[in-house]
Amino acid sequence: MRLSKRLETIVKQAALVCGGEAAADVGTDHGFVPIRLIEEGAADRVIAMDVRKGPLERAKEHVIQFGMEAQIETLSLIHISEPTRLALI
């Protein structure tokens, strides 16, 4: 998958924060940042969140396409109920 320079910069910065652990992509849109973080081993799991249904559905499709359902959870921002330690990106 090819990312724009802007998204590659986000991934690089997020990788510094994640340290191979969990991350949350708030406003995930297409889900490409979480996918790249998993591909590069920068995070072991990512919660991809968005408030809009369309982008969240698109992110789910990409997560399935890349076979990362076990590592990437898609979540509507209005449904967060359990606090957890995350690196927010």
Side-chain angles (χ1 to χ4, degrees):
M1 159 185 46
R2 191 169 192 158
L3 296 181
S4 69
K5 186 174 180 178
R6 180 181 69 83
L7 290 180
E8 284 290 356
T9 300
I10 291 169
V11 169
K12 287 178 185 174
Q13 293 299 311
L16 295 173
V17 176
C18 297
E21 296 182 17
D25 182 12
V26 180
T28 194
D29 196 24
H30 36 61
F32 291 152
V33 169
I35 290 168
R36 182 57 60 86
L37 287 171
I38 297 295
E39 284 179 337
E40 293 185 359
D44 61 2
R45 73 181 185 100
V46 181
I47 299 173
M49 298 180 272
D50 211 296
V51 295
R52 296 174 298 153
K53 183 178 178 179
L56 196 59
E57 287 300 319
R58 188 168 43 251
K60 287 179 187 179
E61 291 169 5
H62 290 140
V63 168
I64 292 167
Q65 177 185 349
F66 283 83
M68 296 185 175
E69 301 96 310
Q71 297 101 337
I72 301 173
E73 176 184 357
T74 56
L75 183 67
S76 171
L77 281 171
I78 61 173
H79 292 108
I80 298 174
S81 62
E82 183 177 329
T84 186
R85 182 173 173 243
L86 298 171
L88 295 177
I89 56 175

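The model shown is predicted, which means the values in this text are computed figures rather than measured ones. Residues take their numbers from the sequence shown, with the count starting at 1. When reading the values below, keep in mind they use all heavy atoms of this one structure, side chains included, and skip hydrogens, waters and symmetry mates.
When the side-chain hydrogen bond (donor to acceptor under 3.5 Å, both in side chains) test is applied to E39, the partners found at least two apart in sequence or on another chain are R36. For E61, there are no salt bridge (Lys or Arg N to Asp or Glu O under 4.0 Å) partners two or more places apart in sequence or in a different chain. Scanning for side chain to side chain contact (heavy atoms under 4.5 Å, CB included) contacts around R2 gives an empty result, with sequence neighbours left out. Applying the ring pair (Phe, Tyr, Trp, His ring centres under 6.0 Å) rule to F66 yields no partners; only residues at least two apart in sequence or on another chain are considered. With sequence neighbours excluded, no residue forms a side-chain hydrogen bond (donor to acceptor under 3.5 Å, both in side chains) with Q65. Evaluation of the side-chain hydrogen bond (donor to acceptor under 3.5 Å, both in side chains) rule for D44 yields no partner, not counting sequence neighbours.
To the nearest 0.5 Å, the span separating CE on M49 from OG1 on T74 amounts to 11.0 Å. Between atom CZ of residue R52 and atom CD of residue E57 there is a gap of 13.0 Å, rounded to the nearest 0.5 Å.
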Quick one, I35 with M68, criterion side-chain contact (heavy atoms from CB on, under 4.5 Å). Give me CA distance, side-chain angles, the key distance, then yes/no. CA-CA 7 Å; I35 290 168; M68 296 185 175; 3.9 Å; yes

Evaluate side-chain contact (heavy atoms from CB on, under 4.5 Å) for S76 paired with D50, printing each intermediate quantity in order. CA-CA 5 Å; S76 171; D50 211 296; over 6 Å; no

Give the C-alpha distance, both sets of side-chain angles, the deciding distance and a yes or no for side-chain contact (heavy atoms from CB on, under 4.5 Å) between E8 and I10. CA-CA 5 Å; E8 284 290 356; I10 291 169; over 6 Å; no

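A single hydrophobic cluster is seen to contain both I47 and V51, as judged by linkage of ILVMFWY side chains at heavy-atom distances under 4.5 Å, directly or through other members. Taking hydrophobic clusters as Ile, Leu, Val, Met, Phe, Trp and Tyr residues chained together by side-chain heavy-atom distances below 4.5 Å, L56 does not share a cluster with I38.
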Below 3.5 Å, can you tabulate the donor-acceptor pairs from side chains in residues 26-34 to any protein atom, sequence neighbours excluded?
residue	atom	partner	partner atom	Å
T28	OG1	D25	OD2	2.9
D29	OD1	R58	NH2	3.1
H30	ND1	F32	N	3.2

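When side chains are defined from C-beta on, V46 does not count as touching Q71, because their heavy atoms never get closer than 4.5 Å.
The heavy-atom pair separating I72 from A48 by the smallest distance is CG2-CB, 4.1 Å. Residues A14 and L37 share a closest heavy-atom pair of CB-CD2, 4.1 Å.
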